[in-house]
Amino acid sequence: AQTVTQSQPEMSVQEAETVTLSCTYDTSESDYYLFWYKQPPSRQMILVIRQEAYKQQNATENRFSVNFQKAAKSFSLKISDSQLGDAAMYFCAYRSVESNYQLIWGAGTKLIIKP
Amino acid sequence: EPEVTQTPSHQVTQMGQEVILRCVPISNHLYFYWYRQILGQKVEFLVSFYNNEISEKSEIFDDQFSVERPDGSNFTLKIRSTKLEDSAMYFCASSAQQSGGSGYTFGSGTRLTVV
């Protein structure tokens, strides 16, 4: 079974600086999707960025980018120019395309932005 | 931008009572999901639904749970006899494709409190 691990329960960063959130996963599959979701205090789940495993190029969405290392099964999220509105829980999630289609979630990382 | 709408935002119910959580997925989406998040814990998959039937369900989704798409727009989760441990945030999500490339769109959640 697939698992997703986020080893950082909490991270803090100074406003305007860059922070990287870690995510590793375990799978025997070759094709899958990876996602980062943001959950602000309102608790809504917001898609930040996604990556298809068959694409070597790292996904980028404005200030958010990933470092996808397929061989290492690593999928870290880099947030550049951190803003106060980035403060939230960040969840890494995995989705298989071969066997089932549910999202498998990491435990989350709480990101604190220091003004 | 299209949204997934969930109602109510917060529901308090007595143990043993039935509750129905409602969701209106994005209109052209075909795949629907329920997840739950117990406070301080991982997000957990409950069930996926396609073509008016359950396509996958987790061990959590036992006989006390059921899902329905009663008209062409609503997607409901019913919990027949609530238990204290059902207290959680329940998220509805929908996607256009089962393969997951588009990611899910989540609703803002229903906070269920069982007393």
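Within every chain, numbering begins at 1; the chains are lettered A, B, ... in the order of the sequence lines, protein sequences first and strands thereafter.
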Heavy-atom contact with chain A under 4.5 Å, split by part of B:Gln6:
neither

Under 3.5 Å side-chain donor-acceptor pair for [X] and [Y]:
| X | Y | answer |
| --- | --- | --- |
| B:Thr76 | B:Asn74 | no |
| A:Tyr94 | A:Gln102 | no |
| B:His10 | B:Thr113 | yes |

Cut-off 4.5 Å, heavy atoms of chain B, and the answer for A:Tyr37 is side chain

Heavy-atom contact with chain B under 4.5 Å, split by part of A:Gln39:
side chain

Near-ring test [Y]/[X], centroid separation under 6.0 angstrom:
| X | Y | answer |
| --- | --- | --- |
| B:Phe75 | B:Phe32 | yes |
| B:Tyr50 | B:Tyr31 | yes |
| B:Tyr33 | B:Phe106 | no |

Separation of B:Tyr35 OH from B:Phe91 CZ (nearest 0.5 Å):
12.0 Å

Tell me the residues of residues 15-25 of chain A whose non-hydrogen atoms fall below 4.5 Å from those of chain B, in number order.
none

